[in-house]
Amino acid sequence: MRVGIEAINLYAGVACMDVLTIFKHRELQIDRFDNLMMNKKSVGLPNEDAVTCAVNAAVKLINNMDPDEKDRIEMVITSTESGVDFGKSISTYIHDYLKLNSACRVFEVKQACFGGTAALQQAVNYVASGVSPGGKVLVIATDIARHANLNYAEPTQSIGAVAMLVSDNPQILEMDFGAIGQHSYEVMDTCRPETELETGNPDLSLLSYLDCLENCYKRYEEKVEDSDFRHTFDYLAFHTPFCGMVKGAHRKVMRSLYRTKPDVIDIDFSKRVKPSLSYCQDVGNVYSATLYFALCGIIDNADFDDEKRVGMFSYGSGCSSEFFSGVVPHSAKEKLAEMKIKDRLEQRYALNTEEYESLLKLNAEWTFGIKDRPVDIAPFKNIYEKTMAGKGLLALAGIEDYHRKYQWT
Amino acid sequence: MDKSEVFDVIRDNIEEVLPRVTREQIRMDGSLVDLGANSIDRMEVVTFSMEDLGIKVPLQSLAKVDNLAGLVDLFHKHLHESA
């Protein structure tokens, strides 16, 4: 049976900040800017959270479906490390605001930036199991940055979501079913140990990411006969905490596994890896959604004269990781173009430093566990009017007795 | 292999990863950060050196090292233990 992603869309907020400006503003070492390979990052408004990002990514996919088709969504799996309740999953809100069939299973998964892949694989297995022929699964990876007490994390921390419809009609990515190499073990690299904090050891995380990539790929190779990292995949998409990391990881694998020379590595990087960075470098790190931003980048920006195989690496701190692959059919490009991702990224409002600081302060007020509070638009009315008002986006209206209330703008 | 030979392996890799740095600038009491290595450069020097030495050091202990002398000691200890 063919199984995979039928439709995909991403949402990356309505406002963005220039990364170099953050470096200057915070007086960070400019020579470390090139290492990041980042241009912009998305910034959330106070009335945006993991639920609104998720719904705003998914709503276009849902609106494109016939009612009969929509009723075949039998599961909503959300992955996030930015949840709003320890018990109630954000899938419940998403299911409600998207008006999905109540004959549905809804839940949330968590494993840092690996969460999106965990959710996707569950969905793929559900469809492939044949337990409900023709059934579809809505998978959403959604995240919001928390304050990090790590200077060089700020320029990359972002917000956004990716929504994927998984079914037996994979028009975006047909999974190479079972072609997966995994590597997981306990490590304390980066984490969210408090409700309002992201912290950890970035160097350890980097080493762990690389270790996982190599081990995952080796296991993939053991399972998949005749596979070769250099030739099996037309394109590569890796989890992208920052684009420089992906460049380093590609170089490491090519050098370690094949002793490839630097000039050959550079050519290969431009050809097979660079397209995956096209959205990531303008959005930043969207945690569990980032790998799928990379996939969208490839589909929109690489050449698809024929179907192409994409090798994908997912890593989530803590840690769990896997290398898997799938085939992007020729038709995927046309289908994804309907989502107008590039246009929407370009339409984001460019914040100045003052506005950016003001939003950071206002966002910090929306801590975990608020019982009652309406959203007051006044302090960011100017930005709201220019970005969300009248756009038909879901926004947080307020919280009443812990119950979150949303409204369409 | 003694510590100075381990240091030579690390120095070779620093020269490869950071072409701007001269061999004389690479001193045992210095750090990779002092030599202008960013996070990607640091991890390349560390992982390439481990490959050349044929050792695998637990990541957690690598993350605690903050100068070249510490890295030489750690690698030397692992070479000795795995021998």
Side-chain angles (χ1 to χ4, degrees), chain A residues 23 28-38 150-153 155-156 183 185-190 200-215 241-262 265 269 315 317-319 321, chain B residues 6 9-23 25-26 30-79 81-82:
Chain A
F23 263 74
L28 300 176
Q29 290 168 11
I30 291 293
D31 54 351
R32 291 180 69 170
F33 172 72
D34 291 339
N35 172 32
L36 292 182
M37 296 171 66
M38 303 293 304
L150 309 162
N151 287 341
Y152 289 91
T156 64
H183 192 67
Y185 58 95
E186 200 278 325
V187 61
M188 194 64 178
D189 51 347
T190 62
N201 181 332
D203 276 14
L204 178 59
S205 198
L206 230 119
L207 286 164
S208 182
Y209 177 116
L210 292 173
D211 194 38
C212 283
L213 171 57
E214 223 171 294
N215 281 299
F242 57 96
C243 296
M245 174 77 234
V246 171
K247 186 162 193 209
H250 169 259
R251 191 163 57 203
K252 169 78 171 66
V253 174
M254 295 292 281
R255 186 188 190 273
S256 297
L257 296 185
Y258 309 104
R259 298 271 147 198
T260 313
K261 297 278 171 252
I265 293 178
F269 173 79
Y315 174 81
S317 290
C319 69
S321 67
Chain B
V6 172
V9 169
I10 297 173
R11 273 214 290 212
D12 289 344
N13 280 298
I14 295 174
E15 283 186 305
E16 184 191 329
V17 174
L18 302 169
R20 299 183 304 274
V21 173
T22 63
R23 206 165 174 86
Q25 288 175 288
I26 308 167
S31 75
L32 289 169
V33 175
D34 296 339
L35 295 169
N38 63 40
S39 57
I40 304 287
D41 301 332
R42 293 199 294 279
M43 93 31 210
E44 287 194 335
V45 169
V46 169
T47 55
F48 295 173
S49 298
M50 285 196 294
E51 275 170 29
D52 292 347
L53 293 166
I55 52 171
K56 217 165 152 37
V57 176
L59 303 182
Q60 202 84 43
S61 51
L62 275 172
K64 287 179 189 143
V65 171
D66 56 6
N67 64 11
L68 290 174
L71 197 59
V72 169
D73 282 348
L74 184 65
F75 285 175
H76 184 259
K77 189 167 148 258
H78 270 268
L79 270 172
E81 279 172 3
S82 51

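Residue contact with chain A, scored on non-hydrogen atoms closer than 4.5 Å, is absent for B/Lys64. Of the atoms belonging to A/Asn201, it is side-chain heavy atoms, and not backbone ones, that fall under 4.5 Å from chain B. Proximity to chain A is limited to the side chain of B/Glu44, based on heavy atoms less than 4.5 angstrom apart. For a residue to count as touching a neighbouring chain, one of its non-hydrogen atoms must lie under 4.5 Å from one of that chain's; by this rule A/Tyr209 does not touch chain B.
Considering CG of B/Asn38 and CG of A/Asp34, their distance stands at 9.0 Å, rounded to 0.5 Å. To the nearest 0.5 Å, atoms CE (B/Met43) and CE (A/Met245) are separated by 5.0 Å. Here the CD-CD distance, from B/Glu51 to A/Glu214, works out to 6.0 Å after rounding to the nearest 0.5 Å.
Under the 4.5 Å side-chain criterion, counting only non-hydrogen atoms from C-beta, A/Val187 is not in contact with B/Leu59. Counting heavy atoms from C-beta outward, A/Leu207 and B/Thr47 have side chains that approach closer than 4.5 Å. A/Leu204 has its side chain within reach of B/Gln60: a pair of non-hydrogen atoms, C-beta onward, lies under 4.5 Å apart. Put simply, the side chain of A/Leu206 reaches to within 4.5 Å of the side chain of B/Ile40, judged on heavy atoms.
Listed options A/Ser256, A/Pro202, A/Ser208 were ranked by heavy-atom pairs under 4.5 angstrom with chain B; first place goes to A/Ser256.
Counting heavy-atom neighbours within 6.0 Å of A/Met188 CE, excluding the residue itself, gives a total of 12 or less. Counting non-hydrogen atoms of neighbouring residues, nucleotides and ligands closer than 6.0 angstrom, the CZ atom of B/Arg20 reaches no more than 12 such neighbours.
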